[in-house]
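Notes to accompany the following structure.
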Amino acid sequence: MAWTILNFGKYQGKTLPQILFLDPDWFYWAYDEGVFRNKGQLFNEAEEIYQKASSIKIPNLDDIERVAEYVIHAPTGKFGKLELVPVSRPPHVGGSPTFRKNVIDLSVPRQVAHYDKTGCALLLGNVKYYLFGANVRMTKKKCEDFFNDNDNFRLKNA
């Protein structure tokens with residue numbers, strides 16, 4: 001798919017896949033506020049990205065079935081970190097609450113706390129590491145190729 005380049009706002013000149021790997025909090029804010037409504041093809045792309053960004057398949061790291069464990073930073077009640085843990089590992093017990101999903105969901109920090117730039121940055125760092133490796137530069141092509149490949153997602157209607 002050829003993604004639409006935004007012609008407005010903070011991320012003018014970027015596509016939605018780029019924005020998701022730059023600032024998912026901004027994307028979810030814009031989506032919730034209806035920024036993409038009445039924008040034709042951009043609205044359709046936002047709908048697709050919204051669904052995909054919350055249903056990223058957990059990569060096969062070492063032939064061990066894993067789940068995404070989301071850790072909440074106890075003192076602030078905001079997102080703390082993402083770990084991909086073996087399904088067989090008992091749930092975390094301790095001062096930091098956790099929950100698990102069978103997908104990586106970029107919307108989790110916003111679900112935990114309505115505004116959490118730090119949590120989104122932490123999650124993004126974890127996700128980039130797990131999906132692409134350490135110190136990978138997220139080019140426009142890399143971002144768009146990732147969102148163009150439906151094999152990267154557990155889509156409900158696929």
**Asked** Run the side-chain contact (heavy atoms from CB on, under 4.5 Å) check on L84 and I104 step by step: do they pass?
**Response** CA-CA 9 Å; L84 300 184; I104 296 171; 4.2 Å; yes
**Request:** Determine, stepwise, if the pair N126 / K81 fulfils side-chain contact (heavy atoms from CB on, under 4.5 Å).
**Result:** CA-CA 7 Å; N126 297 146; K81 69 178 175 178; 3.9 Å; yes
**Message:** Can you tell me if E65 has over 12 outside heavy atoms packed within less than 6.0 Å of its CD?
**Reply:**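 Open.
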**Item:** Enclosure of N135 CG (heavy-atom neighbours >12, cutoff 6.0 Å)
**Value:**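 For N135, atom CG is not crowded (no more than 12 foreign heavy atoms under 6.0 Å).
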Hphob cluster co-occupancy, [X] + [Y], side-chain heavy atoms under 4.5 angstrom:
{"X": "F99", "Y": "V87", "result": "no"}
{"X": "V67", "Y": "I72", "result": "no"}
{"X": "Y115", "Y": "I19", "result": "no"}
{"X": "Y31", "Y": "W29", "result": "yes"}
{"X": "L61", "Y": "L131", "result": "yes"}

Taking side chain as C-beta onward, heavy atoms only, is [X] less than 4.5 Å from [Y]?
{"X": "Y11", "Y": "L16", "result": "no"}
{"X": "I56", "Y": "V103", "result": "no"}
{"X": "D25", "Y": "D116", "result": "no"}
{"X": "Y70", "Y": "D105", "result": "yes"}
{"X": "Y130", "Y": "E83", "result": "yes"}
{"X": "P17", "Y": "N148", "result": "no"}
{"X": "T15", "Y": "F147", "result": "no"}
{"X": "F43", "Y": "N38", "result": "no"}

**Prompt:** What about the rings of F146 and F153, do their centers lie closer together than 6.0 Å?
**Reply:**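 That pair passes the under 6.0 Å test.
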**Message:** Just checking F36 against F27, ring centres under 6.0 Å apart?
**Reply:** yes
Smallest separation among heavy atoms of [X] and [Y], with atom names:
{"X": "G133", "Y": "V136", "result": "O-CG2, 3.6 Å"}
{"X": "D63", "Y": "N60", "result": "N-OD1, 2.8 Å"}
{"X": "L20", "Y": "A53", "result": "CD1-CB, 3.8 Å"}

**Message:** Would K39 pass as a cation-pi partner of F8, given that its NZ or CZ must be under 6.0 Å from the six-membered ring centre and within 45 degrees of the axis?
**Reply:** yes
Measuring from atom [atom1] of [X] to atom [atom2] of [Y], what distance do you get when rounded to the nearest 0.5 angstrom?
{"X": "L22", "Y": "L124", "atom1": "CG", "atom2": "CG", "answer": "8.0 Å"}
{"X": "W26", "Y": "K117", "atom1": "CH2", "atom2": "NZ", "answer": "9.5 Å"}
{"X": "M1", "Y": "Q41", "atom1": "CE", "atom2": "CD", "answer": "6.0 Å"}
{"X": "C143", "Y": "Q18", "atom1": "SG", "atom2": "CD", "answer": "6.0 Å"}
{"X": "H73", "Y": "L122", "atom1": "NE2", "atom2": "CG", "answer": "9.5 Å"}
{"X": "E47", "Y": "K52", "atom1": "CD", "atom2": "NZ", "answer": "13.0 Å"}

**Asked** Just checking, is any N or O donor in the side chain of E45 or T4 under 3.5 Å from an acceptor N or O on the other one?
**Response** yes
**Request:** Carefully, step by step, assess F79 and Q111 under the rule side-chain contact (heavy atoms from CB on, under 4.5 Å).
**Result:** CA-CA 9 Å; F79 178 81; Q111 292 173 26; over 6 Å; no
**Item:** Salt-bridge present (D151, K57; N to O < 4.0 Å)
**Value:** no
**Item:** Given K101, H92, R89, the one that forms side-chain hydrogen bond (donor to acceptor under 3.5 Å, both in side chains) with E69
**Value:**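 Between E69 and the candidates, side-chain hydrogen bond (donor to acceptor under 3.5 Å, both in side chains) is satisfied uniquely by R89.
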**Request:** Please lay out, stage by stage, how K14 and F21 fare under the test side-chain contact (heavy atoms from CB on, under 4.5 Å).
**Result:** CA-CA 11 Å; K14 304 281 186 207; F21 282 113; over 6 Å; no
